[in-house]
Amino acid sequence: MKKLGGIEIGGTKIQVVISGIEGRIENCYRFDVRKQLAAQGILEQIGSVLCGWKRHHLDIQGIGVAFGGPLDAATGRIICSHQIEGWENFDLA
C-alpha cells in the first residue's frame, strides 16, 4: 500500500508522520530536541523512524520536510538554525 511521509524539524520538537496516499495521518512520532546533541542527534532520531519504515517494507512515495529556519530554496540547503547547532550549509534536499 502506498504511503507518504512528513518530517517537521523544529527548535524544540521533531515530528515524523506517515499517511496514506490520501493524506490521512496513520502514525505520528514526536521527539523532544536535545540541543546538546545538535543536528546529528536530530538526524539520528529521524533515522530511527525511517529505518523502521524500511524494515516494514512500506511503499513510501515521497517525504515532505519542514525546517524551522532559513534555507536556500534554489539549492535545498539550510542556511542556519537559530536554535540548534550543526545545520549550517546542510543539504536538506
Side-chain angles (χ1 to χ4, degrees):
M1 187 179 255
K2 295 180 180 181
K3 305 287 182 187
L4 296 172
I7 301 170
E8 176 199 5
I9 303 169
T12 60
K13 70 175 172 14
I14 306 143
Q15 296 187 105
V16 183
V17 301
I18 190 164
S19 75
I21 204 75
E22 76 290 342
R24 180 178 295 143
I25 293 176
E26 297 174 1
N27 288 315
C28 179
Y29 307 87
R30 182 183 166 131
F31 305 97
D32 290 330
V33 169
R34 296 179 296 194
K35 289 186 179 189
Q36 69 276 16
L37 299 179
Q40 187 59 41
I42 291 172
L43 292 171
E44 289 172 6
Q45 289 173 304
I46 293 168
S48 70
V49 175
L50 299 181
C51 285
W53 292 356
K54 185 175 180 179
R55 280 192 305 275
H56 288 94
H57 306 287
L58 297 178
D59 185 9
I60 305 296
Q61 298 296 299
I63 299 176
V65 181
F67 182 80
L71 62 94
D72 182 334
T75 64
R77 292 181 98 54
I78 294 172
I79 295 168
C80 70
S81 169
H82 298 293
Q83 297 190 28
I84 307 295
E85 293 192 25
W87 289 113
E88 294 77 17
N89 207 30
F90 181 84
D91 187 3
L92 187 61

For [X] and [Y], which heavy atoms make the closest approach, and how far apart are they?
X     : Y     : result
Ile84 : Lys35 : CD1-CG, 3.3 Å
Pro70 : Cys80 : CD-O, 3.4 Å
Cys28 : Gln15 : SG-OE1, 3.9 Å

Apply side-chain contact (heavy atoms from CB on, under 4.5 Å) to [X] and list each qualifying residue two or more places apart in sequence or on a separate chain.
X     : result
Ile63 : Ile7, Leu50, Trp53, Ile60, Val65
Asp91 : Arg77, Ala93
Gln61 : Lys2, Leu4, Ile21, Asp59
His56 : Leu58

I'd like to check [X] versus [Y] (side-chain heavy atoms, cut-off strictly below 4.5 Å). Are they in contact?
X     : Y     : value
Glu88 : Ser81 : no
Ile79 : Asn89 : no
Phe31 : Val49 : yes

Can you measure from [atom1] ([X]) to [atom2] ([Y]) and round to the nearest 0.5 angstrom?
X     : Y     : atom1 : atom2 : answer
Ile42 : Leu37 : CD1   : CG    : 9.0 Å
Gln40 : Gln45 : CD    : CD    : 11.0 Å
Ser19 : Glu26 : OG    : CD    : 6.5 Å
Asn27 : Ile18 : CG    : CD1   : 6.5 Å
Arg34 : Ile14 : CZ    : CD1   : 8.5 Å

>> For Glu85, I'd like to know if atom CD has over 12 heavy atoms of other residues, nucleotides or ligands within 6.0 Å.
In response: no
> To which residues is Ile25 joined in a hydrophobic cluster, defined by side-chain heavy-atom contacts under 4.5 Å among Ile, Leu, Val, Met, Phe, Trp and Tyr, whether direct or through other members?
Replying inline: Val17
>> Test of understanding: with ring pair (Phe, Tyr, Trp, His ring centres under 6.0 Å), list the residues that count as partners of Phe67, not counting sequence neighbours.
In response: Trp87
